[in-house]
Amino acid sequence: MNWNLIFTSIFSAIFIKETIFYVLGAQGLNIHYGYTGLMNFGQAGFMAVGAYGLAVSVETFGWSLWVGILVGIGWAILLALLLGLPALRLRGDYLAIVTIAAAEIIRLVARSESTESVAGGNSGINNFAGAFYDLNPWVNTRRYDFGPFSYSGQDLWIQAVGWGVVLLMALLTFLLMRSPWGRVLRSIRENEDAVRSLGKNVYAYKMQSLVLGGVMGALGGIVLAIGNQSVQPDTFATRTTFICYGALILGGAARVWGPVLGGIIFYVAFRGLDVIIRQMEKADIVPESIMTSTQSGVVRFVFLGGALMLLMVFRPQGILGDRKELAFDG
Amino acid sequence: MADATGAEPRVVTEADRGGVLPEPGAAKPDPILSATGIERRFGGVVAVDVAHVEFQRHQITALIGPNGAGKTTLFNLLTGFDQPNAGEWRFNGTSLSGVPPHKVARMGMVRTFQLTKSLTKLTVIENMRLGAPDQRGERFFPALVKGLWSSEEDEITARADELLERFKLDHMREEFAGSLSGGQRKLLEMARALMGSPELVMLDEPMAGVNPALTQSLLGHVKALREEGMSVVFVEHDMDVVHDISDWVVVMAEGRVIAEGTPTDIGRNQAVIDAYLGTHHGEDLHPEIVEHRRLEAEAEAEALEQSAEGDSDDDTAERP
Ligand SMILES: Nc1ncnc2c1ncn2[C@@H]1O[C@H](COP(=O)(O)OP(=O)(O)OP(=O)(O)O)[C@@H](O)[C@H]1O
Ligand SMILES: [Mg+2]
């Protein structure tokens with residue numbers, strides 16, 4: 001087994017763009033679910049409109065990358081309004097149904113043949129982020145090694161900006177949640193009617209929460225789109241939403257750093273398991289009769305699922321959560 | 001008020017009633033809240049069917065009635081938490097039909113719930129702060145800059161602490177509301193509702209589950225609200241409490257207002273006794289059940305009479 005490769009992959013995964021993608025998605029869900037109690041099962045849809053809003057603007061309409069980023073954010077706001085307008089007036093489970101359906105519709109429309117001229121169908125849209133890498137202070141094609149970390153110049157640039165966005169969103173979350181605005185959100189999570197009886201427009205707050213968290217998700221999509229110089233519809237499958245939820249719950253919901261820590265651990269574990277299993281296969285440690293290579297791709301999900309279940313049993317509040325709070329459900 | 005004398009039933013004078021007739025739907029000189037033709041059906045069940053009712057300003061009005069009479073449903077309708085199938089209701093002369101509950105609250109009519117709705121994962125003091133209306137820091141952009149709302153927050157906190165002390169919850173200030181007892185939650189909910197300095201407070205069974213020793217001081221607080229110029233409507237099953245603090249009593253049964261009057265009027269009202277007896281017109285009940293209910297109702301009526309006698313002096317010791 002190539003231990004060096006294993007270590008480098010695991011450490012590098014800490015800061016890699018995919019981690020940023022999930023961290024931002026999870027921070028958005030933290031606003032929705034962690035603080036407001038909104039069940040958004042379509043975060044992948046918000047991430048998709050961010051990524052596609054950018055890619056389509058640049059590739060299909062020929063706008064600049066920076067306008068494309070704004071378009072991606074704008075689409076996320078629009079999506080939140082569109083879904084929230086009917087669903088936030090209804091009971092919580094309706095939002096779950098509406099969002100999960102909308103996210104799937106977005107993905108299926110993006111990959112359908114009829115929209116291929118705009119969204120690129122199955123193969124998506126590629127090479128639209130040149131303007132971003134023109135500004136790279138590092139050499140795009142060079143490889144940089146720092147101890148166990150190994151990144152290309154391109155990676156370094158998107159990671160620097162991406163983690164900047166993560167910090168900014170964490171700061172935004174912190175500032176909002178210590179304010180009376182955040183107090184209203186947390187109260188809505190506990191009991192909507194109590195908040196209504198005190199004269200607060202619950203619907204408007206839920207809408208603001210949905211928009212804010214959706215925009216955070218869209219930023220995740222945008223970072224990954226620029227980082228990969230590519231958007232593909234299947235990046236935004238329902239699985240993505242649930243990985244974000246997994247990261248949020250692992251790190252601790254309703255904590256500013258919960259989704260950040262959870263996202264890092266989740267993706268590092270995900271990557272690490274993948275590399276380890278592959279290396280074991282190469283070294284013929286696991287015989288074909290026990291696990292074929294197609295099965296090995298799925299095994300990491302089994303491991304992660306098992307780990308999440310153990311977490312729920314032994315530390316249901318997540319790593320950063322407060323157990324005391326959990327005692328007061330209902 | 002005239003002194004109650006011995007066994008002789010006290011006479012209710014015109015002055016006690018403020019010139020209002022003791023009958024269902026009686027007009028009040030200055031109603032803060034009035035409702036006409038309110039009907040709410042749940043499937044086949046008519047939960048509320050109120051022809052007309054008015055609540056007088058600056059008074060404490062008790063809303064009583066057997067379980068399932070429709071008191072909570074009427075509260076829900078009047079405060080915008082539920083919409084009636086028909087009817088019209090006005091607060092301070094403004095029609096409230098279609099007005100969402102948060103706007104009703106902002107207009108000055110705040111309610112509490114029979115089943116407390118504490119925000120369990122917020123501390124007691126945070127619960128209180130939430131009750132303050134129109135906070136600058138509750139708007140998205142000002143929320144980002146602490147300097148824009150911190151002084152307002154300090155004022156709110158000072159007011160909250162004052163109320164917590166009044167409601168004997170100051171020692172629980174930093175605890176999660178979820179760790180409070182049922183009675184303490186009732187107190188917190190009432191204190192929280194008062195943060196908005198409402199004109200009319202609607203309390204759904206505020207004393208239920210509250211320690212009797214505390215009930216007395218709570219009653220004092222409710223009376224104080226009236227002295228401060230607020231109007232109070234409250235649902236209550238304890239007749240002693242009703243007698244103690246209410247200026248007027250509205251009785252509901254099977255969705256309708258069946259009687260109104262001073263506490264003493266109500267204690268003698270045959271329709272009320274029948275309602276608690278469970279007389280279903282045209283329906284034959286087993287004689288044993290009728291007898292059982294009659295005894296129950298008599299005891300109930302007796303309690304009403306007796307506490308009516310103790311009305312003018314605040315002595316609770318002689319009550320059964
Ligand atoms: N959401 C609902 N769905 C169906 N029926 C309801 C609903 N709410 C109330 N009811 C019915 O309406 C009637 C009145 O109920 P309500 O809760 O208003 O009574 P109440 O006077 O507050 O009783 P209690 O003194 O027990 O609190 C009852 O028959 C009840 O079953
Ligand atoms: Mg009730």
Side-chain angles (χ1 to χ4, degrees), chain A residues 31 34-37 77 88-89 168-213 215 252-255 317 321-330, chain B residues 75-76 79-81 100-113 115-123 126-146 148-150 152-153 156 175-180 188-189 192-193 195-196 198 202 204:
Chain A
I31 303 288
Y35 289 106
T36 325
I77 295 173
L88 288 179
R89 287 199 191 280
L168 209 67
M169 291 305 118
L171 178 71
L172 189 66
T173 306
F174 167 77
L175 290 177
L176 285 170
M177 292 312 156
R178 72 169 178 180
S179 78
W181 186 85
R183 184 165 64 215
V184 177
L185 249 55
R186 284 180 289 128
S187 306
I188 290 172
R189 178 190 68 195
E190 301 301 308
N191 194 312
E192 281 181 28
D193 276 344
V195 180
R196 278 194 193 96
S197 77
L198 297 170
K200 322 285 177 200
N201 187 347
V202 169
Y203 178 66
Y205 281 100
K206 288 205 276 191
M207 190 62 101
Q208 290 171 36
S209 166
L210 193 64
V211 168
L212 177 65
V215 166
R255 287 288 177 280
Q317 71 274 36
D322 180 353
R323 179 132 216 180
K324 251 186 16 203
E325 282 190 17
L326 219 65
F328 303 126
D329 271 330
Chain B
F75 261 42
N76 290 343
T79 52
F81 280 83
H102 71 273
K103 289 207 175 130
V104 173
R106 280 188 208 166
M107 289 165 79
M109 166 160 49
V110 174
R111 59 117 18 126
T112 66
F113 296 88
L115 301 170
T116 47
K117 299 194 185 298
S118 306
L119 307 162
T120 53
K121 289 180 196 173
L122 270 67
T123 62
E126 279 183 307
N127 262 271
M128 293 296 292
R129 289 189 187 118
L130 183 76
D134 291 329
Q135 298 179 40
R136 193 166 191 200
E138 285 181 350
R139 277 175 284 148
F140 186 87
F141 289 107
L144 291 167
V145 186
K146 193 174 182 183
L148 291 179
W149 48 263
S150 60
E152 187 187 46
E153 185 86 342
I156 288 168
E175 305 292 324
F176 283 121
S179 68
L180 298 186
L188 175 60
E189 200 170 297
R192 193 177 64 193
M195 282 297 289
M202 311 274 287
D204 199 346

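Below, chains carry the letters A, B, ... as their sequence lines are ordered, and counting in each starts from 1.
Heavy-atom distances place the side chain of A:Tyr205, and not its backbone, under 4.5 Å from chain B. Only the backbone of B:Pro133 comes within less than 4.5 Å of a heavy atom of chain A; no side-chain atom from C-beta onward does. Contacts of B:Glu126 with chain A are made by both backbone and side-chain atoms, with heavy-atom separations under 4.5 Å. The contact between A:Arg189 and chain B is made entirely by side chain atoms (from C-beta outward), counting heavy-atom distances below 4.5 Å. Neither the backbone nor the side chain of B:Lys103 comes within less than 4.5 Å of any heavy atom in chain A. With a 4.5 Å cut-off on non-hydrogen atoms, B:Phe140 touches chain A through its backbone and its side chain both. Heavy atoms of A:Leu212 lying under 4.5 Å from chain B belong exclusively to its side chain.
A pairwise comparison of heavy atoms in B:Gln135 and A:Pro180 identifies OE1-CB, 3.6 Å as the closest pair. Counting all heavy atoms, side chain and backbone alike, B:Arg139 lies closest to A:Trp181 at C-CD1, 3.9 Å. The two residues B:Leu130 and A:Ser187 make their nearest non-hydrogen contact at CD2-OG, 3.4 Å. Nearest heavy atom pair, residue B:Lys117 against residue A:Ala194, reads O-CB, 3.4 Å. Closest approach of A:Arg183 and B:Glu153 over heavy atoms only: NH1-OE2, 2.7 Å. Nearest heavy atoms, B:Leu122 versus A:Glu190: CD1-CG, 4.1 Å.
Interface check for chain A: of the options B:Pro142, B:Ala105, B:Ala193, B:Gly137, the most heavy-atom pairs under 4.5 Å are formed by B:Gly137. Ranked by heavy-atom pairs under 4.5 Å with chain B, the list A:Asn201, A:Leu176, A:Val184, A:Leu175 is led by A:Asn201.
Put simply, CG on B:Leu119 and CD on A:Glu192 are 11.5 Å apart, with the number rounded to the nearest 0.5 Å. In this structure, CG on B:Leu115 lies 11.5 Å from CG on A:Asp193, to the nearest 0.5 angstrom. Rounding to the nearest 0.5 Å places CZ of B:Phe113 at 4.5 Å from OG of A:Ser197.
Contact check for A:Val202 versus B:His102: no side-chain heavy atoms found under the 4.5 Å cut-off. Side-chain contact between A:Asn191 and B:Thr120: absent, with no pair of heavy atoms (C-beta onward) separated by less than 4.5 Å.
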